[in-house]
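Everything below concerns the one structure shown next.
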Amino acid sequence: DSGVTQTPKHLITATGQRVTLRCSPRSGDLSVYWYQQSLDQGLQFLIQYYNGEERAKGNILERFSAQQFPDLHSELNLSSLELGDSALYFCASSPRGSSYEQYFGPGTRLTVT
Amino acid sequence: GESVGLHLPTLSVQEGDNSIINCAYSNSASDYFIWYKQESGKGPQFIIDIRSNMDKRQGQRVTVLLNKTVKHLSLQIAATQPGDSAVYFCAETRGGKLIFGQGTELSVKP
């Protein structure tokens, strides 16, 4: 158990809908990272927050947004969902601002029908 | 459990043998190279890292080798065990981000 929690574990929704994925980092970790893992793209970095502020951005679509709250939990919002958004979404945390030693949660499997 | 389902390179080894998983990287400017392990139904787990100015680093039962001349990274697992069965990803740091490779699926035969 990495100490990172993600909810929900599974999510099934229809095209055009909006969903929110939630992540709680390890106790004391200030950085939260979001990744998308799909069949054709592998594990792709989406965005990083450090202590409430956006720190780095990857291949995140404009339909996607994220935020980190004062209690350090984070949410990833996915809107106008398309079939191609079906994937595993992972959250990871680390204690420092930019760390390659990241602790991953169990993921949220999103299925868009 | 759930699997990633990617068409990944696969490596099948006998329990007790040594495993070597290879990875090619593209960015000569990366500071660190890292190996992650992802078991079925779980998130990736950090295994070991190596700084770009090193050639070799050893951990517990694992060794990472870095050949900057040919931009090649390898992970050696000694005395492979059934619990080592997983997808292994190499990753490199780039602009503060982790860039993951496609992964290799290791299967350990009892």
Side-chain angles (χ1 to χ4, degrees), chain A residues 1-7 9-11 21 23-26 29 31-50 53-60 86-111, chain B residues 1-10 21 23-27 29-54 57 59-60 62 64 66 73 75 86-105:
Chain A
D1 184 1
S2 67
V4 177
T5 61
Q6 289 187 248
T7 56
K9 190 175 175 67
H10 298 277
L11 196 51
L21 312 183
C23 167
S24 292
R26 293 188 320 158
D29 282 0
S31 274
V32 168
Y33 309 78
W34 285 98
Y35 293 86
Q36 179 192 60
Q37 188 172 42
S38 61
L39 291 177
D40 57 347
Q41 293 291 324
L43 197 61
Q44 298 279 315
F45 168 74
L46 295 178
I47 197 164
Q48 178 204 354
Y49 278 81
Y50 176 75
E53 299 290 325
E54 183 182 305
R55 175 64 67 97
K57 222 168 184 176
N59 300 321
I60 188 166
S86 295
L88 273 166
Y89 290 85
F90 287 103
C91 166
S93 74
S94 71
R96 294 178 295 280
S98 182
S99 173
Y100 53 85
E101 186 171 351
Q102 299 175 14
Y103 297 86
F104 282 75
T108 292
R109 180 172 285 281
L110 173 67
T111 302
Chain B
E2 297 171 321
S3 69
V4 173
L6 294 166
H7 269 298
L8 301 171
T10 58
I21 301 170
C23 175
Y25 65 90
S26 57
N27 190 349
S30 295
D31 292 325
Y32 285 90
F33 299 89
I34 309 100
W35 283 98
Y36 275 82
K37 170 187 179 183
Q38 186 175 20
E39 296 176 86
S40 181
K42 296 185 179 179
Q45 177 186 3
F46 174 89
I47 302 174
I48 190 168
D49 66 282
I50 186 167
R51 193 165 180 157
S52 59
N53 62 355
M54 299 171 64
R57 188 166 186 215
Q60 189 176 16
V62 295
V64 57
L66 177 62
L73 187 70
L75 177 71
V87 176
Y88 289 80
F89 292 95
C90 64
E92 56 184 300
T93 58
R94 199 182 301 171
K97 306 168 192 173
L98 265 184
I99 308 299
F100 284 85
Q102 284 294 330
T104 296
E105 184 167 10

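In what follows, chains carry the letters A, B, and so on, assigned in the order in which the sequence lines appear, proteins first and then strands, with residues in each chain numbered from 1. Every heavy atom of this structure was used, including side-chain atoms; hydrogens, water molecules and symmetry mates were not.
The side chain to side chain contact (heavy atoms under 4.5 Å, CB included) test with B:L98 singles out one residue from A:Y33, A:Y35, A:F45, and that residue is A:Y35.
Between the CD1 atom of B:I34 and the OH atom of A:Y100 there is a distance of 7.0 Å, given to the nearest 0.5 Å. To the nearest 0.5 Å, the span separating CD on A:E101 from CD1 on B:I47 amounts to 12.0 Å.
With a 4.5 Å cut-off on non-hydrogen atoms, A:Q102 touches chain B through its backbone and its side chain both.
Residue A:F90 comes nearest to B:Q38 through the heavy atom pair CZ-NE2, 3.3 Å, listed as atom of the first residue, atom of the second, then distance. Listed here is the closest heavy atom pair of A:G58 and B:K97: CA-NZ, 4.4 Å.
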